[in-house]
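Below is one structure; the comments refer to it alone.
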Amino acid sequence: MPSRTPGAARTGRPRSTAADAAILEATRDALVEQGWSKLSMGDIATRAGVAKTTLYRRWPSKNELVVDTVAALFDELEVPDSGTLAGDVEGVVLQFAALLDRPETRTALMAVVAESTRDEPLRDRIRSSIVDRQKRLVLQGRALAQQRGELPVEEDEQAASATADLIFDVVAGAVVHRTLVSAEPIDAAWARRLTTLLLGGLTATIQERSAS
């Protein structure tokens, strides 16, 4: 699912989901083979079997296209609903690590992050299309935990939102750093240690908030 939900809020002939999928797949392949610097819209159109005009109608620039390619990859992540909050967190961590281990994800993510350091609109697009959208995992996991009685329902919506943002930052930051910066493996034991640390801090935060 591209981050801009291609075809939404447009008039005229409906967009082809098959063409969208072909373009995103071609972009992933081209990134792995050529890297960001050599990536060209013309080559992607050829690989996808579409006209350049078709590609540019969907994505006006390479930046937008690559961000949406990364966003589509991250949309594969799911909360496993394992029966426990700890199990759900560990499951997402391991899925995330496996996704980052794939060459197309690693290459695309590192490319757009590097470009975003000197391109503020690109940074904003990454935030809205990838970061904000993937916070759904935290919200889904929290909702499941509340349904099971593992977490209380927080009445202060602003504080609850801030906590969700922090949880996302901790998990995403730890996994990205370990896999892409430290180049260390993530296995079940590491995921369990991270989850224990995270949930210990979350419990303490909720208890402190409830007592105040």
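This chain uses plain numbering: 1 for the first residue, then up along the sequence.
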Hey, quick one: are Leu77 and Leu73 part of the same hydrophobic cluster, counting side-chain heavy atoms closer than 4.5 Å, chains of contacts allowed?
yes
Would you call Thr54 and Arg57 a side-chain contact if the rule is heavy atoms closer than 4.5 Å?
yes
Ignoring hydrogens and angles, tell me if any N or O in the side chain of Thr179 forms a donor-acceptor pair with the backbone of Val175 under 3.5 Å.
yes
Is a donor on one side and an acceptor on the other found under 3.5 Å between the side chain of Thr46 and the backbone of Gly42?
yes
How close do Arg106 and Asp101 get, counting heavy atoms only, and between which atoms?
NH1-O, 2.9 Å
From Leu94 atom CG to Leu99 atom CG, the distance as rounded to the nearest 0.5 Å
12.5 Å
Would you give the length of the straight line joining atom OG of Ser129 to atom CG of Asp124, rounded to the nearest 0.5 angstrom?
10.0 Å
Enter the distance from Leu109:CG to Ile130:CD1 here, rounded to the nearest 0.5 Å.
6.5 Å
In the structure I gave you, are the side-chain heavy atoms of Arg178 and Ile186 within less than 4.5 Å of one another anywhere?
yes
List the steps, then state whether side-chain contact (heavy atoms from CB on, under 4.5 Å) holds for Thr105 with Arg102.
CA-CA 5 Å; Thr105 311; Arg102 288 163 54 178; 3.9 Å; yes
Does a side-chain N-to-carboxylate-O contact under 4.0 Å join Lys135 and Asp165?
yes
Are Val32 and Leu65 connected into the same hydrophobic cluster when the rule is that any two of I, L, V, M, F, W, Y join if their side-chain heavy atoms are below 4.5 Å apart?
no
May I have the step-by-step check of side-chain contact (heavy atoms from CB on, under 4.5 Å) for Trp36 and Val112, ending in yes or no?
CA-CA 8 Å; Trp36 172 276; Val112 295; 3.8 Å; yes
Donor-acceptor contact below 3.5 Å, side chain Gln146 vs main chain Pro152
yes
Nearest heavy atoms of Pro80 and Gly87, plus distance in Å
CG-O, 4.1 Å
Identify the two heavy atoms, one from Ala164 and one from Arg142, that lie closest to each other, and give their separation to 0.1 Å.
CB-NH1, 4.0 Å
For Ala26 against Ile44, the heavy-atom pair lying closest together
CB-O, 3.8 Å
Donor-acceptor under 3.5 Å (Ser182 side chain, Glu184 main chain):
no
Ionic contact status for Arg148 with Asp88, cut-off 4.0 Å
yes
Side chains of Glu104 and Asp29, heavy atoms from C-beta outward: is any pair under 4.5 Å?
no
Is a salt bridge present between Asp43 and Lys38, judged by a nitrogen-to-oxygen distance below 4.0 Å?
no
Is Ile23 reachable from Tyr56 through a run of I, L, V, M, F, W or Y residues, each pair having side-chain heavy atoms under 4.5 Å apart?
yes
Verdict with reasoning, Glu120 to Arg125, per salt bridge (Lys or Arg N to Asp or Glu O under 4.0 Å)
CA-CA 9 Å; Glu120 187 172 350; Arg125 188 176 183 83; over 6 Å; no
Rounded to the nearest 0.5 Å, how far does OG1 of Thr69 lie from CG of Leu24?
4.5 Å
For Phe74, which residues count as a ring pair (Phe, Tyr, Trp, His ring centres under 6.0 Å) partner, sequence neighbours excluded?
Phe96
In this structure, CZ of Arg47 is separated from OG of Ser40 (nearest 0.5 Å) by 8.5 Å
Treat each ILVMFWY residue as a node, draw an edge where side-chain heavy atoms are under 4.5 Å apart, and state whether Leu180 and Val70 are in one component.
yes
Glu115 with Lys62: basic N within carboxylate O range, under 4.0 Å:
no
Using every non-hydrogen atom in the two residues, find where Leu39 and Gln34 come nearest and quote the distance to one decimal.
CA-OE1, 3.9 Å
Hydrophobic cluster identity match, Val170 and Trp190, side-chain contacts under 4.5 Å:
yes
Please evaluate residues Arg193 and Glu90 with respect to the criterion salt bridge (Lys or Arg N to Asp or Glu O under 4.0 Å), reporting the C-alpha separation (whole Å), side-chain torsions for both, the decisive distance (0.1 Å), and the verdict.
CA-CA 9 Å; Arg193 291 196 300 273; Glu90 290 174 27; over 6 Å; no
Does any non-hydrogen side-chain atom of Val79 lie less than 4.5 Å from one of Val138?
no
For residues Glu150 and Leu144, determine if any side-chain heavy atom of one lies less than 4.5 Å from a side-chain heavy atom of the other.
no
Verdict with reasoning, Asp132 to Phe168, per side-chain contact (heavy atoms from CB on, under 4.5 Å):
CA-CA 10 Å; Asp132 290 346; Phe168 179 87; over 6 Å; no
Atom OG of Ser61 and atom CG of Leu122: how far apart are they, to the nearest 0.5 Å?
8.0 Å
Do Thr163 and Ile167 make a side-chain contact, defined as non-hydrogen atoms from C-beta onward lying under 4.5 Å apart?
yes
Taking Gln95 for its side chain and Glu78 for its backbone only, find out whether a donor-acceptor pair lies under 3.5 Å.
yes
When you check the side-chain N and O atoms of Gln134 and Arg136, is any donor under 3.5 Å from an acceptor?
yes
